[in-house]
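Notes follow the structure.
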Protein chains: 4
Amino acid sequence: MAMSESRENAPRRRQQRGIETQSALLEAAGRVFSRMEYDKAKLKDISDDAGISLGSLYFHFGNKDDVAAAVLDAQQERMTEVLSSVVETEGSSLGRLLDLLDGVAELISADALVQAGIRLVGSLPDELKDRGYGFYEEWQRVAETLIREGLEDGSVTTARQTPAELAELVNELFVGAQVLAGMKDGWQTLPERIRRIRPVLESVLAPSSAA
Amino acid sequence: MAMSESRENAPRRRQQRGIETQSALLEAAGRVFSRMEYDKAKLKDISDDAGISLGSLYFHFGNKDDVAAAVLDAQQERMTEVLSSVVETEGSSLGRLLDLLDGVAELISADALVQAGIRLVGSLPDELKDRGYGFYEEWQRVAETLIREGLEDGSVTTARQTPAELAELVNELFVGAQVLAGMKDGWQTLPERIRRIRPVLESVLAPSSAA
Amino acid sequence: MAMSESRENAPRRRQQRGIETQSALLEAAGRVFSRMEYDKAKLKDISDDAGISLGSLYFHFGNKDDVAAAVLDAQQERMTEVLSSVVETEGSSLGRLLDLLDGVAELISADALVQAGIRLVGSLPDELKDRGYGFYEEWQRVAETLIREGLEDGSVTTARQTPAELAELVNELFVGAQVLAGMKDGWQTLPERIRRIRPVLESVLAPSSAA
Amino acid sequence: MAMSESRENAPRRRQQRGIETQSALLEAAGRVFSRMEYDKAKLKDISDDAGISLGSLYFHFGNKDDVAAAVLDAQQERMTEVLSSVVETEGSSLGRLLDLLDGVAELISADALVQAGIRLVGSLPDELKDRGYGFYEEWQRVAETLIREGLEDGSVTTARQTPAELAELVNELFVGAQVLAGMKDGWQTLPERIRRIRPVLESVLAPSSAA
DNA sequence: AATGAATGAGCTTTCATTCAT
DNA sequence: AATGAATGAAAGCTCATTCAT
């Protein structure tokens, strides 16, 4: 069966092989960048981790920055995926917002490539910094939208801060938990930290229901 | 005795000059490390910034890691100074805790060496990581103590979380604000962010008084 | 099978080029180390002498010590070659022992890499010292064996010292001649010196025949 | 008593102090150079070993080469001392020659500064090399003289080599023993080695008496 | 005489990137 | 597509030497 495919699919197979190599390199990059700073990570480390030649890495990614950029892209893709899937869930806006935190925390604690993306944001050449920071802003916009919807559907009841301020607060808490979890145990306990934060956010965003 | 003094002073005078050089180098290191990652920062950058020879830098600090360690030590010293001075203030425990956040935020936004220390914690050789993280733990203990005292003096009234959990929460919020401020504008707006957080913490730690 | 060969040969062809480079570097290292002390010799000197980039030298040898180790290995290989070829010769044991001295003297006086090895033994980081000294011991064992055999085949007749002591004596004489020749004229006259030693050794090892 | 000397002797005392410092530095240099190669030995090692400032070392010796030269001079002085004292002894010329070897071996095995001198000869900047090698030649002339005298007084009886050749042989044997002892155990067993050589030399230089 | 401090040239080593096959 | 080999521009660090006191 493999033989019968050979003629026509040869080019496609070759393409296929290339894609596999590229993705193997990407995962390896995730593993390496999640373990060390951008500058400490050598491209040789990545190609070794993938068991693929350094030359090949350069064939698939132009240079070191491009490798980092690809990791960042993949990270944001995976985070956006969680974001979309949770946002489209049934339930109150507040519930979805809190579920979102849980979902992202879970993703971070489980996916080395996502962890790599997080580390990279903190130790990146200036040109790439914005790309990383941009995501925090996007994420904050999503939070703000959900809070606004919560005010409408009644799941958010506080009136003492603007939705933007509340979103910023949510963001700060999440980032703080994420940073401390990253420093302490490589994000293993991040989901737990987020779970402990949940009632606090509920009491802040919906103080009446907590009474 | 005048003669004997001249002998004893001789070495002391030398040390004096050395101390000045060393502290000039330390400030320069603060400036440089606050501008760039550990790996991107070259020791030549530091010695140039201080207007002192590279060899002299190596005379006073043994190697690059030691320079970073000295910056971390200086940072923690300065932060501990604020911490002590605020904690010994008059006023309720909760008030002092919140003033503490303000004080530290102010320090961070104003002192390049302290900013450098913060950056370094995130991008440091593994051997130095603990030293940096240790401070977060110490700081959290202080917060916990103040919360405990607050429960006694009545300034903290919540009973829904343990003091340890509340301290963790305060820590996460502060760290989150600090990280986002650092990314966004080099900590310029950190004090403002902390001011916005204040009422939230009051409502969480003393919900009754907020009613 | 023609196809499959092309695949297998590809890497082999590459290796070929690498091997040539490596051996060119090794010879250059021999030339340089035979001219100057280990510490005085700069790796740049070696790569320049070989007309190959410094980076390439580091590609093939990990660091300076490894270069020296490779030189030592090559030296010992060449000396062992002489040793084996002479030992397997026809003739009396004593004759072969003395021929051995001649052969090694000849090699030393002609081969820069071997001279380099000798120099290195005297000025080497401690980790490599043993490797150098080990050879002297091995060589002494060979001498001892030949002397033992000489006692059996009658070419060695003295009974006043043990074979081990006699071997030590031979070794000391050879080393002394080699060191002095090295100091005086870069080993040019070593073969001559060894030739002058020959009758002495004969009279010591076979006193009767000398009478 | 110290006080009563103070006025007039002040300058002399100062001189005295300088001499002590200088000799302390020289001994320290001996210790350091006997442990490591010229290039590996740092002047800081020497001044530290002496417990005297680096600046002071530069005051007493102009530069690194001068320190080495001073060590070499001191070594040769001490060796010459042994040489003179043994040569002026009663006894046959051959006996004095062999005693000389013993004496020098004893000195080498006991005196770090002398060991340092020996090491230095093998790892020295070219300008100083001759000074080191010169001593071997001088020493060989002494041996030759003694052998000549031995031929006259009857203690040396061989006629198969010229006195010069015999002296060379003695030198080679001694140097070989010394080099191997240095490599093996830091010259601890050199006297023993020389003792083992003694009968051999007797049989070579005075074959009849050995019969 | 003596010392702590300062200097800078020089060396080893690393590593992103390119090349040849 | 893939690979081993090659390159060279830094960067960290050392250390002989000099300086100021």
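What's counted below: heavy atoms across the whole structure, side chains too, no hydrogens, waters or symmetry copies.
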To the nearest angstrom, how far is [X] atom [atom1] from [N] atom [atom2]?
| X | N | atom1 | atom2 | value |
| --- | --- | --- | --- | --- |
| B:R17 | F:dT21 | CZ | C1' | 9 Å |
| B:D39 | E:dT13 | CG | C1' | 15 Å |
| D:F59 | E:dA1 | CZ | C1' | 5 Å |
| D:L57 | E:dG4 | CG | C1' | 15 Å |
| C:D66 | E:dT14 | CG | P | 10 Å |
| D:N63 | F:dA16 | CG | C1' | 9 Å |
| D:K64 | F:dT18 | NZ | P | 15 Å |
| A:K40 | E:dT14 | NZ | P | 13 Å |

If only side-chain N and O atoms of [X] are considered, is one of them under 4.0 Å from the OP1 or OP2 phosphate oxygen of [N]?
| X | N | value |
| --- | --- | --- |
| C:H60 | F:dA6 | yes |
| A:K44 | E:dC15 | no |
| B:T21 | E:dA6 | yes |

Within a strict 4.5 Å, meaning less than it, do heavy atoms of the [X] and [Y] side chains meet?
| X | Y | result |
| --- | --- | --- |
| B:I52 | B:L57 | no |
| D:Q115 | D:F33 | no |
| C:D45 | C:M36 | yes |
| B:Q75 | B:L72 | yes |

key: Contact nearer the 5' end of DNA chain F, comparing C:G51 with B:G62   =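 Going by which nucleotide is closer to the 5' end, it is C:G51.
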ask   = Considering heavy-atom distances to DNA chain F, does D:G55 or C:G55 have its closest nucleotide positioned more toward the 5' end?
value =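 Its nearest nucleotide lies further toward 5', so the answer is C:G55.
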ask   = Is the backbone of A:R35 close enough, under 3.5 Å, to the side chain of A:R119 for a donor and an acceptor to pair up by distance?
value =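 The answer is yes, because a donor-acceptor pair under 3.5 Å joins these two groups.
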message = For A:A41, is there any backbone N or O sitting under 3.5 Å from a side-chain donor or acceptor partner on A:K44?
response =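 Checking the backbone N and O of A:A41 against the side chain of A:K44, no donor-acceptor pair under 3.5 Å is found.
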message = Ignoring hydrogens, what is the shortest heavy-atom contact between C:I46 and C:A28? Give both atom names and the distance.
response =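 What the structure gives for the nearest pair is O-CB, 3.6 Å.
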Tell me which nucleotide among [options] gets nearest to the side chain of [X].
| X | options | value |
| --- | --- | --- |
| D:S56 | E:dC11, E:dA2, F:dC13 | E:dA2 |
| A:L43 | E:dA16, F:dC15, F:dA11 | E:dA16 |
| D:Y58 | F:dT17, E:dT13, F:dC13 | F:dT17 |
| C:S53 | F:dG8, F:dC13, E:dT7 | F:dG8 |

message = Would C:K64 and C:Y38 count as a cation-pi pair here, with the cationic atom under 6.0 angstrom from the ring centre and within 45° of the axis?
response =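 Yes; both conditions hold, so C:K64 lies above the ring face of C:Y38.
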request  = Would you classify D:I52 as touching base, sugar-phosphate or nothing, given that sugar-phosphate means primed atoms plus P, OP1 and OP2, and contacts are heavy atoms under 4.0 Å?
outcome  =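 D:I52: backbone/sugar contact only, no base atoms under 4.0 Å.
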inquiry  = Let me check I have this right: for DNA chain F, each base becomes ., (, ), [, ] or |, based on Watson-Crick or G-U pairs with both distances under 3.5 Å. What is the full string?
reply    = .||||||||||||||||||||
